[in-house]
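Below: one structure, written as structure tokens.
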Amino acid sequence: MPLKKREVAACLLLSEIVELLRDGSLQLTADDKMVVGPGAKPFKDYLVPVARDIQGRKSQTINSYIKNAVLSVRKKSG
């Protein structure tokens, strides 16, 4: 059974967030909100857009960020 577009988008976005956490560009606060430190530069160029997007938004949890991003993808394609 093929995955729906929103499921693929959520999986891809989550994998990028995991990579940002692993390389230290992204950190979680005590209340599990994502923070990209000033001057943080992801090791891989393809992670720069998502790091900039997270940095430019109000601090939020990973779950909330992915839900909002997937909903916006869904609205644009629908």
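Remember, it's a predicted structure, so these values are computed and weren't measured experimentally.
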For P42 and S25, the nearest pair of non-hydrogen atoms, with its separation, is CA-OG, 3.2 Å
L47-V35 co-clustered via ILVMFWY side chain contacts under 4.5 Å
no
Heavy-atom closest contact (I66 atom, A10 atom, distance)
CG2-CB, 3.9 Å
Are V18 and F43 grouped together when hydrophobic residues (ILVMFWY) are joined by side-chain heavy atoms under 4.5 angstrom apart?
no
Can you list the steps and then say if V36 with L20 is a side chain to side chain contact (heavy atoms under 4.5 Å, CB included)?
CA-CA 9 Å; V36 177; L20 288 169; 5.9 Å; no
Heavy-atom pair with the smallest gap, counting every atom of M34 and S59:
O-OG, 3.5 Å
Tell me whether V48 shares a hydrophobic cluster with Y46, the cluster being built from Ile, Leu, Val, Met, Phe, Trp, Tyr side chains joined at under 4.5 Å.
no
For atom CG of D45, decide whether the heavy atoms of other residues, nucleotides or ligands shown that lie under 6.0 angstrom number more than 12.
no
Begin with the C-alpha distance, continue with both residues' side-chain angles, and end with the deciding distance and a verdict on side chain to side chain contact (heavy atoms under 4.5 Å, CB included) for Q60 and N68.
CA-CA 10 Å; Q60 57 188 316; N68 290 333; 3.2 Å; yes
Could you give all pairs that pass the salt bridge (charged side-chain N to carboxylate O under 4.0 Å, His left out) test and reach residues 48-71, with sequence neighbours left out?
D53-R57
For the residue pair E7 and V70, establish whether any side-chain heavy-atom pair is separated by less than 4.5 Å.
no
Could you pull out the closest heavy-atom pair between L21 and L26, with the gap in Å?
CD2-O, 3.4 Å
Only counting residues at least two apart or in another chain, list the ones meeting salt bridge (Lys or Arg N to Asp or Glu O under 4.0 Å) with E16.
none
Salt bridge (Lys or Arg N to Asp or Glu O under 4.0 Å) filter on D23, not counting sequence neighbours, yields none
Nearest 0.5 Å please: distance from the CG atom of D32 over to the CG atom of N63.
10.5 Å
